[in-house]
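Contents: one structure, followed by commentary.
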Amino acid sequence: MHKNSTLAVLIFTRDINDNPEKLTIYARITVNGKRAEINIGNSYPVALWNAKISKALGRTLETKGTILVNKL
């Protein structure tokens with residue numbers, strides 16, 4: 001007997017209280033209707049984030065470097 005399962009992953013940002021120029025990146029994982037949120041462990045400059053499309057702006061080394069440096 002097969003059971004249908006659902007999986008969804010959502011990446012989103014939240015403001016950092018002590019630094020208004022940075023956003024914290026989170027992931028929300030939903031499995032069969034049960035949610036869990038985790039802090040991915042990196043932040044991103046507000047000036048380089050496009051909230052409308054929920055993505056980093058540009059393809060410059062600065063944009064890519066910010067993401068890579070924050071993962072270390």
Non-hydrogen side-chain atoms of [X] and [Y] separated by less than 4.5 Å:
X     : Y     : result
Thr30 : Leu7  : no
Thr24 : Ile40 : no
Ile25 : Ile11 : yes

>> Between Thr6 (side chain only) and Asn32 (backbone N and O only), is there a donor and an acceptor less than 3.5 Å apart?
In response: yes

> Going from OG1 on Thr13 to NZ on Lys22, what distance comes out if it is rounded to the nearest 0.5 angstrom?
Replying inline: 13.5 Å

> Under 30°, 30 to 60°, or over 60°: which ring-plane class applies to Trp49 and Tyr44, parallel, tilted or perpendicular?
Replying inline: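 Geometry flag for Tyr44 against Trp49: perpendicular rings.
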
